[in-house]
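Just below is one structure, and these are the notes that go with it.
Please read these numbers as outputs of a predicted model, since none were measured by experiment. Just so you know, ligand 1 is whichever comes first in the structure, and atom 1 is the first atom listed for that ligand.
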Amino acid sequence: MARIDVNHIRHSYLPNPKKDSDFALKEVHHTFEDGGAYALLGPSGCGKTTLLNIISGLLHPSHGQLLFNGKDVTNLSTQERNIAQVFQFPVIYDTMTVYDNLAFPLRNRRVPEADVDRKVRETLDMIDLASLAKKKARGLTADQKQKISLGRGLVRSDVNAILFDEPLTVIDPHMKWVLRSQLKQLHRRFAYTMVYVTHDQTEALTFADRVVVMYDGEIVQIGTPAELFERPRHTFVGYFIGSPGMNVLPVALEGRTAKLGSQRIELPGTPKAEAGPVELGIRPEYVRLGREGMAVSVSKVEDVGRHKVVRANLEGKEIAAVIGEDDEVPAEPKVRFEPAGINIYADSWRVEMGA
Ligand code: ADP
Ligand code: MG
């Protein structure tokens, strides 16, 4: 397994890129620690696959360097980098049996047949395909084929890293959950360096120790699920993570106070002065609905099972609040913001608050 340094990597699919927007990856500079379980999370088109393919060697970056354990591998092929990659859609040999599909990457590396057999059986159990071992892959369902693909990624234990590109897209929801838990267990057991690409926050937050959030060709935040929830570095992270996402409201600052329309909101500290439009971010979980605070008009209450989401209008802005499943909306509803949940943003980036 390896530590992977992505050094000032930029990538454009155009022959003569000039402006920033010509680059699918604007500039990525990050270290994936040896043995870490990472998720690359972001909306479609933000550059996740591009970054993954640069790590595996399917794509040569326009600028920058890639190091495995300190060694420059930028010009090495995928084989030489010794990476396992699992793609969004099955990559398997239709005419081979399920067993041989899994044995192939090992036999290719001249692993002794007894070890091949042991590893293949272990992997078949994990992906729950032992009963189909002798079947030709051709006749299987899309779901089963993708499990073979996943197995082919997991069967080798000598790889530098295992990369997954939205591997569970075609898998049904229950099996998704099972496979994700197995990947997590596998990581705990063997401490592989794993990078898992997804646009689904639940997948990212349950799989990874550290989540790398990408937006428009850049990494906007790297953190534990709790850090991303409590202290989104960029308003995009606030919206994208959480359900519903963070409320972001335009405010004017006056020392320790944020002014929202005619309301004055006491802040937990004094934000450092920064240029750009200022916004206050507060997650719906930190908006308290009751009889005290700022008057709101409630437009909708959604019952989502364990809690309710209240949609309301505060000073002409839409906000969401989360209340308990047995809580009621009072006759003259008001909201308070829990100070611990308040973040201030200037030009979309989080501003530190002093005492
Ligand atoms: P993601 O995996 O996050 O959906 P991609 O890395 O596939 O994003 O794409 C990032 C950007 O690069 C997108 O704007 C996409 O249209 C563009 N792109 C991806 N692959 C190619 C390609 N082969 N040729 C040209 N543009 C591409
Ligand atoms: Mg992709």
In this structure, does ligand 1 have an atom that sits under 4.0 Å from one of the heavy atoms of Gly47?
yes
N-O pairing of Lys119 and Asp115 below 4.0 Å
no
N-O pairing of Lys48 and Asp165 below 4.0 Å
no
Any N/O/S atom of Thr49 sitting less than 2.8 Å from the Mg ion (ligand 2), backbone or side chain?
yes
Identity and separation of the nearest protein heavy atom to atom 14 (O) of ligand 1:
Gly45 O, 3.9 Å
Could you tell me which atoms of ligand 1, counted from 1 in the order shown, lie closer than 4.0 angstrom to a heavy atom of Thr50?
5 (P), 6 (O), 9 (O), 10 (C)
Out of all atoms in ligand 1, which are within 4.0 Å of some heavy atom of Ala24? Include the element for each.
11 (C), 12 (O)
With distance as the sole criterion, is a donor-acceptor pair present between the side chains of Asp72 and Thr74 under 3.5 Å?
yes
No-hydrogen, no-angle side-chain donor-acceptor test under 3.5 Å, His8 and Gln65
no
Asp5 and Arg3 ion-paired at < 4.0 Å:
yes
Looking only at protein heavy atoms, which one is nearest to atom 7 (O) of ligand 1, and how far off is it?
Thr49 CB, 3.7 Å
State if Pro43 counts as touching ligand 1 under the rule of any non-hydrogen atom under 4.0 Å.
yes
Does NZ or CZ of Arg152 lie under 6.0 Å from the centre of the six-membered ring of Phe104, at an angle within 45° of the ring axis?
no
Among all protein heavy atoms, pick out the one at the shortest distance from atom 19 (C) of ligand 1; state its residue, atom name and that distance to 0.1 Å.
Tyr13 CE1, 3.5 Å
